[in-house]
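In what follows, chains are A, B, ... by sequence order, proteins preceding strands, each numbered from 1.
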Amino acid sequence: MNRFNSYREEALQKWDSQMVHSEIPVIYLGTASCGIAAGALDVLGTIQQTLTELGQPARIVQVGCIGPCYLEPIMDIAMPGGPRVSYTNVTPQKAKRILQANLTEGDLAPKMAKGHFGDEAFSSKTGIPKFFDLPMLKPQVRVILKNCGFIDPEDGDHYLAQDGYAGFLKVLEAGPQYALEALKESGLRGRGGAGFPAFKKWELARSAAGEQKYVVCNADEGDPGAFMNRALIESDPHAVLEGLLIAGYTVGASQGIIYVRAEYPLAVKRLRKAIGQMRSYGLLGDDILGSGFSFDINIKEGAGAFVCGEETALIASLEGKRGMPRPRPPFPSDSGYNGCPTLINNTETFGTVPAIMRNGGEWYQQFGVPGNYGTKTFSLVGKVKHTGLIEVPLGTSLRQVVEEVGGGTELPFKAVQTGGPLGGCLGASQLDTPITYEAMRDQGSIMGSGGLIVMDESTCIVDMARYFIGFALRESCGNCTPCRIGTRVLIDRLEKIIRGEGEPHDLEVMRKAADTMVKTSLCGLGQAASNPVTSSLNFFAAEYESHVHDHYCQAGVCKGLFQYVILAERCNGCGLCVKVCPANAIAGKLRETHTLDANLCTQCHACVEVCTKQAILSLPLSAEQDHLLLSEALQ
Amino acid sequence: MSLQITIDGRSLSVEKGQTLLQVARENGIDIPTLCDFPGLPSHGSCRMCVVEIEGRSNTPTACTTLAEDGMVVQTNSPIVQAQRIELLKLLLSEHTSSCLICTEKSHCDECMVTLRKAGVTTGCRSCSMDGACALQDLVERFGITEIGYPVRYRMLPVQKQDPFFDRDYNLCILCERCVRVCEENHFSSTLTLAGRGTDAIVSTAFGRTHIEAGCSFCGACVEVCPTGTLSEKTRKWDGKPEREVSTTCPLCSLGCQIDLLVKNDMVIGSLPAHASGSDMLCVKGRFGITELVNHPTRLGHPIAVNREGSLPVSWEQAIEAAAEKISSCAPGKYGMLISADCSNETLYVARKFVREAARSNHLRTSSTALYGDGLPVLQRLYGLAQPLSVLSEADIILCLGFDGTYAQSVVDVGLHRAKKHGAKLVTLNANEHSLSKAADEWLRPEPGEEADVIEMLVENTRMGEQQNRLSPIASQAQRVSDMLLKSRQAIILLGPAFLTHPDNLFLLKAVERLVAQTAAQLIILPDSANLAGAFRTGIITPATTAGLQDLEVLHLVGETVPPHLPDQPFILYQNIYPPRRDLPAGLILPAAAFTEEDGTFLDHAGRTRSIQRAVPAPGEALPSWQILCRIARKLGVAGFDYENAAQVRAEYETTGFTGADFAISVPGLLQPGLDVFQWVRREDHAYMGFPLGTLVAGFRRLYPE
């Protein structure tokens with residue numbers, strides 16, 4: 001224990017001298033997978049090169065993801081004595097300019113700065129807004145993501161300096177009962193999506209009879225477009241590990257396992273590193289900190305099956321079997337991994353636990369609404385202006401998330417797919433739904449693990465449903481008849497509709513198959529796989545009907561179900577569309593209205609993308625409607 | 001603890017841990033199922049058994065839902081019925097179901113009698129399971145006349161490359177009965193589910209053939225398949241059997257109980273006799289029997305053979321000729337060679353025949369040569385032989401020279417089961433064998449050095465614990481010896497290869513000492529079906545007199561003709577198949593196979609097992625003992641007037657036997673040129689002297705030369 005305290009002292013001193021009161025400039029660069037994908041490594045190279053060229057000492061700290069993906073790569077500079085200032089969408093050239101300005105001229109380059117982490121005075125002095133006052137970040141609350149973007153995820157000392165493992169020490173001191181009480185009071189519910197009260201799971205696992213118990217962290221994040229768990233692990237791996245450690249101590253397990261996707265190599269690498277650091281701090285192994293509690297953590301890389309995110313399938317996969325769900329009971333808390341009592345929680349649940357343990361359960365109740373306390377992270381993607389990883393208190397309305405945090409859409413908003421591929425597709429009329437487990441369920445969707453895919457008018461709902469059903473079809477384990485064959489029936493009908501061959505009774509066939517899937521499937525995948533179809537059938541029936549009856553796709557996605565027409569009233573003759581058209585279907589001189597030859601058009605959509613005047617419309621194939629819609633559009 | 005639940009308005013008291021399906025079945029409430037199968041763990045993949053439970057929004061499956069106190073269940077409500085129909089329709093949309101929903105199906109048989117055999121199944125009428133298919137029953141039950149969902153044919157090639165059964169996964173409904181029976185009941189993982197979603201299909205690992213995937217061809221998967229996906233090659237188009245006859249498999253000493261499937265007085269298949277507690281068979285009993293007893297070369301009529309050629313004769317003429325040859329034969333110049341595959345009745349009558357009718361003492365079996373020098377010890381050990389059921393009592397099992405890869409895979413299952421219940425498994429085998437991976441210790445001597453290892457075990461167990469470790473195998477033997485000494489109940493299992501080992505005299509003597517020192521139980525598993533019966537009737541005997549040279553008449557009962565006969569005796573060839581080589585001169589007497597006669601065997605533990613006449617013998621073939629009786633009567637010898645096998649059995653059972661009647665010399669027995677037995681090959685897996693590979697095509701794949 002003493003030794004651990006000295007580690008903490010050292011870490012705090014290091015943090016203070018190197019980060020807070022650094023004598024040399026500190027350069028922060030977000031190098032989680034999102035940043036790397038946006039080009040952060042090139043920027044890193046430039047920074048290093050520039051520093052050498054300038055001959056200026058500076059400390060480069062590679063931090064995790066701070067949230068706004070659309071701003072990546074993000075580079076921050078904190079000059080000695082000054083606050084950290086963020087520069088966004090940094091390219092190597094831009095980085096060089098910013099560095100030169102800052103380091104040699106003492107110029108903050110406020111024009112390029114997006115925000116800062118200092119006080120009001122700094123804002124008024126420089127005209128740079130506070131970073132957390134940005135429209136995307138203002139409505140957010142950071143509990144789980146507290147450290148993300150602030151600490152070096154590969155440096156354990158950074159985590160220690162941010163009250164790291166204080167939650168574990170508190171539990172160690174106050175006993176497992178404290179942990180359960182705090183969890184109960186906090187009202188934390190499973191962040192994997194089902195919303196089962198976390199303390200109940202922990203209590204069941206704790207009271208289950210058995211010498212050997214396991215705690216398993218489910219980091220098999222498989223939803224398309226979801227990256228909350230990845231970002232958390234890449235940016236703050238110790239938070240998850242601390243949660244796992246606390247869970248192990250509370251339920252009496254001696255082994256923790258992290259089931260993480262093999263497609264997350266950086267997350268795996270950082271977890272490995274963090275586990276090594278825990279070991280060197282004496283937080284893993286036999287007799288941890290002299291408490292008599294022994295615990296170790298293993299990593300198991302999943303082979304990329306979506307269904308392995310289901311807890312019983314995950315356990316089967318851990319055991320080396322084919323990842324297939326099995327009926328419950330017995331629940332994993334009675335008979336899980338190798339037949340032993342096993343506690344399984346989502347990465348985010350474990351990531352939340354340290355904060356609750358540190359601050360107590362009551363503290364957590366300040367976020368969210370009764371029954372749905374706390375915050376939840378979401379991957380906000382799609383057609384919103386501000387995409388990224390967000391954290392909002394539960395009870396926030398979808399509208400707030402889409403319009404304030406997400407900054408709305410360019411084209412009119414159409415729908416938001418909540419809860420990943422198994423969730424529901426909600427329309428504009430559902431936007432005021434508060435994000436709680438119950439409200440989402442009542443709307444025919446689910447909370448899910450946190451994927452939010454926003455769609456605007458350029459998205460075809462039928463095509464969207466086909467995409468998600470196709471995903472469920474490929475990821476079904478094949479065990480249950482309704483899921484295996486039902487998804488195939490659904491996609492068969494959807495493709496038929498998209499081809500323009502849809503018949504009215506196809507919608508009936510889909511409803512029937514979906515009903516059977518929901519009612520008779522074994523696991524969550526089969527029961528929810530039809531959600532995108534049923535919810536979109538409910539909220540966007542008109543769009544299905546226009547596909548089926550009029551063979552018309554207004555969004556201009558389903559090829560052959562529309563024709564592109566250039567609206568003379570809007571066209572300014574800029575010639576952009578003429579340039580991009582690969583089929584030479586658009587003709588017209590500069591400053592004159594262009595014309596589009598439907599016979600040559602391949603409906604590749606390129607002209608629509610470049611047109612700044614939204615002059616290219618997708619119209620039905622039939623002439624009368626053509627006329628009707630044209631006049632409508634004119635109004 | 002007892003719970004109260006209500007099913008369909010009936011209040012029922014149930015045990016904790018029971019599933020709703022079990023409760024319903026116990027109380028006579030019928031719930032349709034597809035993936036459920038007796039003896040397999042509940043699985044819940046077909047979802048056909050969905051039920052309505054008060055307070056639940058979905059309809060869970062009865063087979064996987066445990067009864068809870070106060071549950072109110074509807075098994076037949078309109079909602080449940082509708083869901084079942086939808087589920088069945090979904091299944092049918094991926095099954096070749098055109099015949100199932102055809103409006104003409106009721107009188108299709110009348111007009112389409114010849115279109116049944118097809119390479120690819122396109123409907124019930126071209127499916128081998130027509131009339132026995134679980135889907136047909138359900139379609140009938142629910143009255144389904146249209147599918148209503150888009151149909152899909154998987155376009156998978158029919159897997160025909162394996163022996164014994166074909167696999168057409170276009171018909172598969174993924175109930176996984178086959179996967180589960182292989183894994184749960186047979187401790188083998190030949191089959192698994194491969195692929196995801198629509199591509200999910202039952203397959204071997206990496207789509208290899210069953211032979212490559214290590215299948216033992218026990219046929220359990222074929223038996224449990226509810227559709228025509230898995231079909232036996234031999235009975236693919238035979239349809240449903242008319243009746244079943246319980247009998248005993250005569251292809252090794254295990255004496256497995258089997259049900260012969262009979263149609264049109266022909267054996268069309270053999271299955272384990274579940275009613276008598278036999279859950280499995282090995283490839284021989286499961287797939288070998290039909291081909292063996294229906295072999296096209298089966299003998300049906302007596303034939304006289306002389307230098308000019310062969311001539312069919314009547315039984316009268318044949319018996320007369322045989323009797324004449326025997327009576328004109330000089331004393332001591334008649335000899336009989338009889339197979340240990342024959343029933344007790346035949347062995348007994350043969351023994352009596354040689355003594356009283358032929359007045360000779362030359363009666364032997366090729367087993368004498370097969371088991372060679374070790375025979376006296378083997379006979380002594382036989383007094384200790386235990387049945388397989390003792391495996392469940394063991395905490396250590398020492399398998400000597402046993403390999404259940406194909407034949408006797410039943411024993412493998414018993415061993416795996418014992419291991420699962422905590423027994424340690426030790427094998428001694430110079431080669432890779434079926435238990436190589438499962439064994440806790442695999443003692444692997446160089447071929448021919450097996451005896452040294454057993455000697456080590458004997459020494460170590462005699463001396464107690466020792467510490468001097470020399471070679472790896474010696475220290476391994478030391479470990480095994482320690483395990484043996486510490487064990488509560490050890491079992492030593494002697495496999496066929498061990499019993500016929502060239503060093504078997506030494507090996508068996510060592511085993512005898514090991515048994516004495518460790519108080520181990522002994523299981524002896526020879527290949528010969530009725531070795532115990534042969535011992536009991538004194539036909540196999542290790543005493544002394546001259547050999548069988550200079551015979552005038554050589555009588556072969558269930559044995560093949562030896563090559564290089566020292567002289568040219570007249571041969572009475574009595575068997576079910578024609579001789580493999582031309583007879584110089586003699587008579588061919590057609591005998592009945594075990595499916596065509598009543599009788600008994602003594603199995604590996606000396607228990608009586610009976611065989612039943614299931615079908616008539618081909619042509620005029622007669623049970624072997626009857627042929628002998630007719631010759632004896634022709635010779636004017638009394639005491640051969642048995643009317644049926646039961647009478648023979650009654651006499652056999654009241655007779656005491658001593659081996660001294662047939663005193664045969666051991667020295668020189670196996671010396672070249674001195675004895676007719678020198679030709680005996682150590683051919684495993686033979687029936688009536690014929691290697692199975694020469695009769696059953698599939699065996700040639702399993703046991704290539």
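- Taking the charged nitrogens against the carboxylate oxygens, B/Asp168 and B/Arg154 have no contact shorter than 4.0 Å, which rules out a salt bridge.
- Taking chain A as the reference chain and counting heavy-atom pairs below 4.5 Å, the highest number among B/Cys175, B/Pro60, B/Ser93 is found for B/Ser93.
- For B/Arg177 (side chain) and B/Val224 (main-chain N/O), a donor-acceptor pair under 3.5 Å exists by modelled atom type.
- Of the atoms belonging to B/Ala82, not a single heavy atom falls under 4.5 Å from chain A.
- Minimum heavy-atom separation, B/Cys182 to B/Leu191: SG-N, 4.2 Å.
- Cation-pi contact between B/Arg208 and B/Phe206: absent, since separation from the ring centre below 6.0 Å together with deviation from the ring axis within 45° is not met.
- Using non-hydrogen atoms only and a strict 4.5 Å limit, the part of residues 522-532 of chain A facing chain B consists of A/Leu522, A/Gln527.
- Judged by distance alone, the side chain of B/Glu212 and the main-chain N or O of B/Thr209 form a donor-acceptor pair under 3.5 Å.
- With a 4.5 angstrom heavy-atom cutoff, A/Arg474 touches chain B only via backbone atoms.
- Contacts between residues 504-519 of chain A and chain B, defined by a heavy-atom separation under 4.5 Å, are made by A/Val509, A/Lys512, A/Ala513, A/Asp515, A/Thr516, A/Val518, A/Lys519.
- When A/Ile491, A/Asp492, A/Asn479 are compared by the number of non-hydrogen pairs under 4.5 Å with chain B, A/Asn479 comes out ahead.
- Surrounding CD of B/Glu140 are at most 12 heavy atoms belonging to other residues, nucleotides or ligands under 6.0 Å away.
- By the 30° and 60° cut-offs, the orientation of the rings of B/His416 relative to B/Phe187 is parallel.
- Between chain A and the residues B/Ser45, B/Ala200, B/Cys35, the most heavy-atom pairs under 4.5 angstrom are made by B/Ser45.
- Among B/Leu174, B/Val50, B/Ile173, B/Thr64, the residue with the largest count of heavy-atom pairs under 4.5 Å with chain A is B/Leu174.
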(request) Evaluate the criterion salt bridge (charged side-chain N to carboxylate O under 4.0 Å, His left out) for residue pair A/Glu475 and B/Arg196; output intermediate values, then yes/no. (result) CA-CA 6 Å; A/Glu475 294 297 342; B/Arg196 289 184 222 166; 2.6 Å; yes

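- For A/Arg493, the part sitting under 4.5 Å from any heavy atom of chain B is the side chain, from C-beta outward, and nothing else.
- Looking at A/Thr520, both its backbone and its side chain come within 4.5 Å of chain B, counting heavy atoms on both sides.
- The existence of a salt bridge linking B/Glu184 and B/Arg417 is excluded, since no basic side-chain nitrogen approaches an acidic carboxylate oxygen closer than 4.0 Å.
- Contact annotation for B/Leu91: both backbone and side-chain heavy atoms come within less than 4.5 Å of a heavy atom of chain A.
- Taking CD of B/Gln81 as the start and OG1 of B/Thr75 as the end, the distance is 8.5 Å to the nearest 0.5 Å.
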(message) Between B/Arg25 and B/Asp36, does the salt bridge (charged side-chain N to carboxylate O under 4.0 Å, His left out) criterion hold? Intermediate values first, please.
(response) CA-CA 12 Å; B/Arg25 290 225 167 117; B/Asp36 179 72; 2.8 Å; yes

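- Proximity of a side-chain donor or acceptor of A/Ser536 to a complementary backbone N or O of A/Val533 within less than 3.5 Å is detected.
- Most heavy-atom pairs under 4.5 Å with chain A: of the set B/Glu94, B/Glu176, B/Lys89, B/Met48, this distinction falls to B/Glu94.
- Per-residue counts of heavy-atom pairs under 4.5 Å with chain B were compared for A/Cys477, A/Pro329, A/Pro482; the largest is that of A/Pro482.
- Between chain A and the options B/Glu86, B/Gln83, B/Arg56, B/Arg47, the largest number of non-hydrogen pairs under 4.5 Å is found for B/Arg47.
- Taking CE of A/Met447 as the start and OG1 of A/Thr436 as the end, the distance is 6.5 Å to the nearest 0.5 Å.
- No part of B/Thr65 comes within reach of chain A, as not one of its non-hydrogen atoms sits under 4.5 angstrom from that chain.
- Rounding to the nearest 0.5 Å places CD of A/Glu319 at 10.0 Å from CG of A/Leu314.
- Across B/Cys127 and B/Gly228, no two heavy atoms sit closer than the pair SG-CA, 3.8 Å.
- The number of heavy-atom neighbours closer than 6.0 Å to CG of B/Leu156, taken from other residues, nucleotides and ligands shown, is above 12.
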